Protein chains: 2
Amino acid sequence: MQNLINECTDESYDTLESYKKPTVMVDVAIFTVQDNTLKVLLIKRGIAPYKDAWALPGGALRVEQDESLEIAALRELAEETGLNPQTGAQRQYLEQLHTYGGRNRDPRGWTVSVAYFALVAIDDVTLRAGTDASAAQWHTINGHQVELPLAFDHADILHDAITRLRSKLDYTDIAVHLLPKEFTLTELQRVYEIIMQEKLNKSSFRQRVDRAGIVKPIKGRMRTGSNRPAQLYQFIQQKHDRMFFPRSIAWAQERKR
Amino acid sequence: MQNLINECTDESYDTLESYKKPTVMVDVAIFTVQDNTLKVLLIKRGIAPYKDAWALPGGALRVEQDESLEIAALRELAEETGLNPQTGAQRQYLEQLHTYGGRNRDPRGWTVSVAYFALVAIDDVTLRAGTDASAAQWHTINGHQVELPLAFDHADILHDAITRLRSKLDYTDIAVHLLPKEFTLTELQRVYEIIMQEKLNKSSFRQRVDRAGIVKPIKGRMRTGSNRPAQLYQFIQQKHDRMFFPRSIAWAQERKR
DNA sequence: GTAATAGTGTCTCTTAGACAATATGCC
DNA sequence: GGCATATTGTCTAAGAGACACTATTAC
């Protein structure tokens, strides 16, 4: 490393050790649907700054331990939800959201926070046992936020994550990650409606899901109740996560305004 | 800072100084259209590693100097193209792409690279005077890459940037940032066709641009030649960068496959 | 039978594409 | 007039919404 620095003359930007480094964090907005409500997992901070405030799960990147940012995010997700990416095909979904970096977002100095958002099915989750220092809890989302104030700029991050989630529902199939392995089309539609916060047309929705080819009926499996039984479906794994929506769901809504 | 570290007991992930930090870089894929071709700006590296290889413009984040990641990216863009964000309403476009981080992407150790992509109009650009150590040059894009091998994982970053650019053209107006202040609809369509790499229907295109309301005719200004003169248009600044495309341009192409 | 939800069909509105028709400058 | 490109119009195919209709279970 020393000789690299020596090689560097006027092109000082090209060495890795000549500038002071910011701290790099990885934060994850973990969403689920429970009791017909969209929820996000928050952790109560045990120490300053923002002691006792709620924050997105996350922490400093561990350079010695993690191979990549994605692995760090998966570790964070696994720690908080008990979801283990190693054991079989979990239907959890993880996607990088945005990177937030600046001098004033943390009172301790310049930080960079690589934010991810994740979708998990509520019945797959076992929340980490809450100690006094760090309680993990699902919080209801209202509009683009939760009711309480969040630590750092996490309210902004959450806002962006919710915006991205809503807009991706418009043209992808990611909502299936919020449902159990078997579900009815009505249940799938309900999840879309909960997140989009608007009622959808039944026949259009079914036609689109059908054309997108993202689910298939499970032969012989029906959900029964005091009504006509409903066909159970399962998710078909795709190469891409795109559900092909020529006209997006928001199309007509957008037009009305 | 010392007392923060002392406060930290078993919750060691919550201090900023207890872990080794990765280096943070900011890299920018700067695109333009020149001679009916999509091009990206590359810099020839003057020092090891990857000495003499081409790379995206970028460098280590300067914590003392830059307020935020976005400002660092703007600085990088200004340095390479002479575009000054301070002087008036430049029509340049800058958007965060993705953050790449891992142990092996740079031989010097764990790095995090926050990548941006930018669109500039070719006549606004004055390339930095090329010294021996760092020549800046436009390179033609072919498919999802340039002809030559790039340093680090910059070929991957460029691939992602091109993919994002193409997909955003489908539903946003960002292509106007590649054109001079005054342009004809045919010129705008040509830019779309160059980037999307497919011919578009003329009347559909005009209808969509018209409905999206992103351009307006400049009264009395026409482009003349040995044919019917064409109306000159200018870009209307929007709150959002969304051009509303109910059915995306790729719609029919997608359907054929 | 009734209640409740599942699932399908029909009709209209709108958009994209294909392709033709018209417009208008320069020579 | 002839050429070249700009600009508009017409016709068809297909998706989305509204809304009604039929289906099937439990009671």
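All values reported here derive from a predicted model rather than from experimental measurement.
At whole-Å resolution of the value, CZ in B:F205 and P in C:dT15 are 17 Å apart. When rounded to the nearest whole Å, the span between CZ of B:R211 and P of C:dG17 equals 12 Å. One atom, CD of B:Q189, and another, P of C:dG17, lie 10 Å apart when rounded to the nearest Å. Atoms CG (B:L188) and C1' (D:dA6) sit 15 Å apart, rounded to a whole Å.
There is a side-chain donor-acceptor pair under 3.5 Å between A:Y93 and A:E95. Using modelled atom types, one finds a donor on one side chain and an acceptor on the other under 3.5 Å when comparing A:Q96 with B:H98.
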Strictly under 4.0 angstrom, non-hydrogen atoms only: write out the protein contact profile of nucleotides 3-10 of chain C, one letter per nucleotide from the 5' end, B, S or -.
BBBBBBB-
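The shortest distance between the side-chain N/O atoms of A:S204 and the OP1/OP2 oxygens of D:dG17 is below 4.0 Å. A sub-4.0 Å separation between OP1 or OP2 of D:dG15 and a side-chain N or O of A:R208 is absent.
Atom CD1 of B:I214 sits about 8.0 Å away from atom CD1 of B:I236, to the nearest 0.5 Å.
By the 4.5 Å heavy-atom criterion applied to side chains, A:R105 and A:Y100 are counted as neighbours. Side-chain contact check for B:D124 versus B:Q92: every heavy-atom pair is 4.5 Å or farther apart.
Under the 30°/60° scheme for interplanar angles, the aromatic rings of B:H139 and B:W54 are found to stand perpendicular.
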